[in-house]
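The next block holds one structure in the form of structure tokens; read it before the comments.
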2 protein chains.
Amino acid sequence: MRPTANRQSRADEEPVVSCAPHDVLTHLGDKWTILVLSMLAQAPENRARFSEIKYGVLGISQRMLTLTLRILERNGLVSRHYFPEVPPRVEYQLTSMGKSMLHPIEVFTGWIKENWPAMEQARRDYDAAANVSN
Amino acid sequence: MRPTANRQSRADEEPVVSCAPHDVLTHLGDKWTILVLSMLAQAPENRARFSEIKYGVLGISQRMLTLTLRILERNGLVSRHYFPEVPPRVEYQLTSMGKSMLHPIEVFTGWIKENWPAMEQARRDYDAAANVSN
DNA sequence: CGGAATCCTCCATGATACTG
DNA sequence: CAGTATCATGGAGGATTCCG
């Protein structure tokens, strides 16, 4: 996400503008954040090391996992624990704030699971109607 | 979502793969969807015409509003009502499924409002620590 | 008015190589 | 092992134009 305070607007504004919820959802909606959070949600003590997350989240590159974890850490949702061993070991764990985010996410995923069939049906209907007119 | 590449994983672990929640969150998290939904949530009868939404969502281009509404319509969250007048008038309204999505969204935005100050503080702390070491 | 078509820019992500 | 650095690229989104 980019710096948030740079939106120019006119003096007579009251419409819907970018807001905190949108910023957070933009992060959640990126390609990997939700998957990394889900992985940590399932891990014992909500804690796992870098390589565990990497192999637990199929397809994520080292680079993107690093970047995703950095953002989560920066926002206080995940804590980073570095162990200066040889070879080095780094563990990531959901913070209390990170854990508190799991409930809203579950409410949402619950809604999705409930409505997913209806959404798929809607898509089929929509696409079928489009094909007729084409 | 891309096909999930086969990757080695320990037999007793279930890797986190791309899933429906992620797909939905990816859409919600895009640049405009949440703002358009919020606009409709506030509108009388959750209904507004194209130009109303366009002026209610600051900064959205005609193109992106059209695309965003198409996706919402395709997924059955918004219904499109075309009036063949001159000039033409098109209204968009949340469907019952679209309305049912508002509660999970509110749960989420509630969490965000509650935790936003802590997230901002976490960012300040993180950035301050980074500046010290640089 | 609503929106389709076109062109273009830039950023998020991927791939690869290197390192403490 | 857990990164960082660098380069390449596909696609999201903006600007503009045309249309029924």
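Lettering of chains follows the sequences in order, A, B, ..., and the numbering in each one begins at 1.
- Heavy atoms only, all atoms of each residue included: A:Met39 and A:Ala48 are closest at SD-CB, 4.5 Å.
- Look at CD1 on B:Ile60: it is 8 Å from P on D:dG14, rounded to the nearest Å.
- Rounded to an integer number of Å, the gap from B:Leu67 CG to D:dA12 P is 10 Å.
- In this model, the phosphate group of C:dG2 is approached by a side-chain N or O of B:Arg49 to a distance below 4.0 Å at OP1 or OP2.
- Because its NZ or CZ atom is not both nearer than 6.0 Å to the ring centre of A:Trp32 and within 45° of the ring axis, A:Arg70 does not count as a cation-pi partner of that residue.
- Nearest to the side-chain atoms of B:Val90 among the listed nucleotides D:dG3, C:dG14, C:dG3 stands C:dG3.
- In this structure, of D:dA2, C:dG2, C:dG14, it is D:dA2 that holds the atom nearest to the side chain of A:Arg80.
- Crowding of B:Glu45 atom CD: a count of heavy atoms from other residues, nucleotides or ligands under 6.0 Å not exceeding 12.
- Listed candidates were C:dG3, C:dG14, D:dG14. Nearest to the side chain of B:Phe50 is C:dG3.
- Checking D:dG14, C:dG14, C:dG3 against the side-chain heavy atoms of B:Met64 singles out D:dG14 as nearest.
- With the nearest nucleotide of DNA chain C identified for both A:Asp30 and A:Pro88, A:Asp30 has the one nearer the 5' end.
- Checking the phosphate oxygens (OP1, OP2) of C:dG2, a side-chain nitrogen or oxygen of B:Ser51 falls inside 4.0 Å.
- Closest contact between the side chain of A:Lys31 and the listed nucleotides C:dG14, C:dA4, D:dT4 involves C:dG14.
- Taking 4.0 angstrom as the limit, B:Ser61 places none of its side-chain polar atoms (N or O) nearer than this to OP1 or OP2 of D:dA15.
- The NE2-P distance, from A:His27 to C:dC11, rounds to 15 Å in whole Å.
- Using a 4.0 Å heavy-atom distance criterion, B:Glu85 is classed as making no nucleic acid contact.
- C:dT6 atom C1' lies 15 Å from atom CD of B:Gln62, rounded to whole Å.
- A single hydrophobic cluster is seen to contain both B:Val78 and B:Leu102, as judged by linkage of ILVMFWY side chains at heavy-atom distances under 4.5 Å, directly or through other members.
- Rounded to whole Å, the distance from CG on A:Leu69 to P on D:dG3 is 8 Å.
- Remark: the A:Arg63 side chain and the D:dG3 base include no donor-acceptor N/O pair separated by less than 3.5 Å.
- Residue B:Tyr82 contributes atom OH, which lies 10 Å from atom C1' of C:dG3 at whole-angstrom precision.
- Look at CZ on B:Arg70: it is 5 Å from P on C:dG3, rounded to the nearest Å.
- Across all strands, B:Tyr92 comes closer than 4.0 Å only to sugar-phosphate atoms, never to a base (heavy-atom distances).
- The interatomic distance linking B:Glu52 (CD) with C:dG3 (C1') rounds to 17 Å, in whole Å.
- In this structure, the side chain of B:Thr109 does not engage the main chain of A:Pro21 through any donor-acceptor pair within 3.5 Å.
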